[in-house]
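First the structure, in the form of structure tokens, and then the observations on it.
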Number of protein chains: 2
Amino acid sequence: MAPSTPAKSKAAAGITADKVTTAATELTARSGLDGWSVRDLAAALTVYPTVIYHHVGDREAVLHAVVERVVAHMPCPPADLPWREWFTEFLWEGREVLRRYPGVARRLCLAGPTVPSALRIIDRGVVVLQRAGFGDQAVAVYTFLVGTAFLHVPLEDERSERVDERLAARDVFLAHGRGDDAPGLATVAAQLGGGGRSPEELTRTDELHYRSILELSLDGAAARLAHLRA
Amino acid sequence: MAPSTPAKSKAAAGITADKVTTAATELTARSGLDGWSVRDLAAALTVYPTVIYHHVGDREAVLHAVVERVVAHMPCPPADLPWREWFTEFLWEGREVLRRYPGVARRLCLAGPTVPSALRIIDRGVVVLQRAGFGDQAVAVYTFLVGTAFLHVPLEDERSERVDERLAARDVFLAHGRGDDAPGLATVAAQLGGGGRSPEELTRTDELHYRSILELSLDGAAARLAHLRA
DNA sequence: ACCTGAACACCGTTCAAGT
DNA sequence: ACCTGAACACCGTTCAAGT
């Protein structure tokens, strides 16, 4: 059977842009945004690749639609929360969603406000910051908080695909464990020594790491707020 | 002339891994890490693609070598600087280097300590933080500061390739300029209104943006330090 | 309007063969 | 050891043709 020939047995007649996006989103959940080709997507729909072009457009257009779909599923905490709680909740739950669709976080950070679904979140986030007293710094602080947090998600995405490379990196540090020549690396080694090697433990480490990043960036924002009030 | 056939006229005899890496680094400076193929690289060396495989390895290996080469060019400020100055200088000048090689920043954040050249920087950075009093938080804070800063560089890399998409996003906000329905977006629009549309002005905006991110993250670290001392 | 089927111009990578 | 040249199994995208 030729690879680009749809199986006639299970022809999904009446393709729409919506069905294409749904299928693309499912493929993304399974193998990431870079894990499928236009031809794979067509095959999943038992359709010729050109049908994708007809209903949605080129690969870029499909990716955009997937990002839009995923962002639409992101939570948007109530506007009456205090700023620190609002961002803690949004960034924590946002991570959960983004992690289910590897590769989307990176494109979201890139595309940013091009995605219509993101507008309601941006609007509320900025309002929450303004009410807290950030004034005209609200936009800069919003960008910093969301960018810092979500930029770390794709890092986790790709690192989880390379567990062995990650363990190798760890061993490099551990080799400097008691080295007087490199006291900084020895510290890193000591820090890493406690963690385990299993995938579950690595996931747990990622979680703690993310929480640490959240708190540090929220502290940075808090410091700026204190400075503005002084 | 067949695309994969090296021009015999200018045959660069005696290919070495070093020459391959140099050529790949030059191509990266010109068109980014994703802007050339193995075949392009071979053509630049007037050599068959298989020669690359023989001397360096597959594409991944070449990319790794390029990152290594670029990191070797990064500055490493003197260890006796106060922690905030050390990171300001390193992250600011590091950005300059990384921006000259689009795509490298992202891979660097990903590969992290896998790159040997990075080890001397990590070691010194962690030592500087420890001496400042960060104790066992030094590693977490180092990761936060460097990650946050350098993760924003590839964003700039890719955004600069899509200036029109960026301007389109701006117009979306400006459309909400006086909207009472979306006061947050109106604020973003007001913030954006001042900036110009020329590439130079966008670069200037990026620079201010990066500086703002640096200061916010350094403030976050400073807050943690104050907390540790209390 | 929607789908077919072939084709174009690429990829990264492998491999047997030469020298 | 090093390079040649062809080949394999893919890509995204376009286009003329069908219905």
Side-chain angles (χ1 to χ4, degrees), chain A residues 1-24 27-28 30-67 103 107 158 161-162 165, chain B residues 1-24 27-28 30-67 103 107 158 161-162 165:
Chain A
M1 151 172 75
S4 60
T5 303
K8 270 83 182 180
S9 58
K10 195 190 161 192
I15 290 295
T16 61
D18 199 75
K19 281 183 186 171
V20 172
T21 304
T22 300
L27 284 179
T28 301
R30 204 172 315 143
S31 49
L33 212 53
D34 295 327
W36 52 264
S37 65
V38 174
R39 291 166 127 107
D40 291 334
L41 175 56
L45 289 161
T46 55
V47 127
Y48 282 85
T50 45
V51 175
I52 311 283
Y53 283 80
H54 188 264
H55 288 282
V56 183
D58 63 7
R59 180 160 217 273
E60 204 65 18
V62 179
L63 296 181
H64 194 88
V66 171
V67 172
R107 280 193 74 90
E158 301 191 48
E161 290 164 13
R162 313 179 173 202
E165 191 177 327
Chain B
M1 151 172 76
S4 61
T5 302
K8 271 83 184 180
S9 58
K10 196 188 158 192
I15 289 295
T16 61
D18 199 76
K19 281 183 185 170
V20 172
T21 305
T22 301
L27 283 178
T28 301
R30 204 172 315 144
S31 49
L33 212 53
D34 294 327
W36 52 266
S37 65
V38 173
R39 291 166 127 108
D40 292 334
L41 176 56
L45 289 161
T46 55
V47 125
Y48 282 85
T50 45
V51 175
I52 311 282
Y53 282 81
H54 187 265
H55 287 282
V56 182
D58 64 6
R59 179 159 218 273
E60 205 65 19
V62 178
L63 296 180
H64 194 89
V66 171
V67 173
R107 280 194 73 91
E158 301 190 50
E161 290 164 14
R162 314 179 172 202
E165 190 176 326

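A note on names: the letters A, B, ... follow the listed sequences, proteins ahead of strands, and every chain is numbered from 1. Values in this document were obtained by computation on a predicted structure and should not be read as measured data.
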Integer-rounded Å distance: [N] [atom2] and [X] [atom1]:
X	N	atom1	atom2	value
A:R59	D:dT14	CZ	C1'	18 Å
B:R39	C:dG12	CZ	C1'	7 Å
A:W36	D:dC11	CH2	C1'	13 Å
B:I52	C:dT14	CD1	P	14 Å
A:D58	D:dC15	CG	P	14 Å
A:H54	D:dG18	NE2	P	18 Å
B:L45	D:dC3	CG	P	11 Å
A:Y53	C:dG5	OH	P	19 Å

Review point. Side-chain N or O of B:H55 less than 4.0 angstrom from OP1 or OP2 on D:dA1?
Key: no

Practice item. Check whether any side-chain nitrogen or oxygen of A:S37 sits under 4.0 Å from OP1 or OP2 of D:dG12, and answer yes or no. Key: yes

Practice item. Identify the two heavy atoms, one from B:R59 and one from B:L33, that lie closest to each other, and give their separation to 0.1 Å. Key: NH2-O, 3.3 Å

Revision key, fill the gap. Taking every heavy atom of B:L27 against every heavy atom of B:L41, the minimum-distance pair comes out as CD1-CA, 3.7 Å

Revision key, fill the gap. Here the gap from A:L45 atom CG to A:T22 atom OG1, rounded to the nearest 0.5 Å, amounts to 9.0 Å

Study note, to complete from the structure: With the side chain defined as heavy atoms from C-beta on, A:I15 is closest, among C:dA7, C:dG12, C:dC3, to C:dC3

**Study point:** Nearest-nucleotide pick for A:Y48, side chain only, options being C:dT13, D:dT13, C:dT4
**Key:** C:dT4

Review point. Is there a side-chain contact between A:W36 and A:V62, using heavy atoms and a 4.5 Å cut-off?
Key: yes

Check your understanding: Do the side-chain N and O atoms of B:D18 and B:T21 include a donor-acceptor pair separated by under 3.5 angstrom?
Key -> no

Study note, to complete from the structure: The residue, A:T50 or A:D40, whose nearest nucleotide of DNA chain D is more 5′ is A:D40

**Study point:** C:dA6: pairing nucleotide in any strand, Watson-Crick or G-U under 3.5 angstrom
**Key:** D:dT14

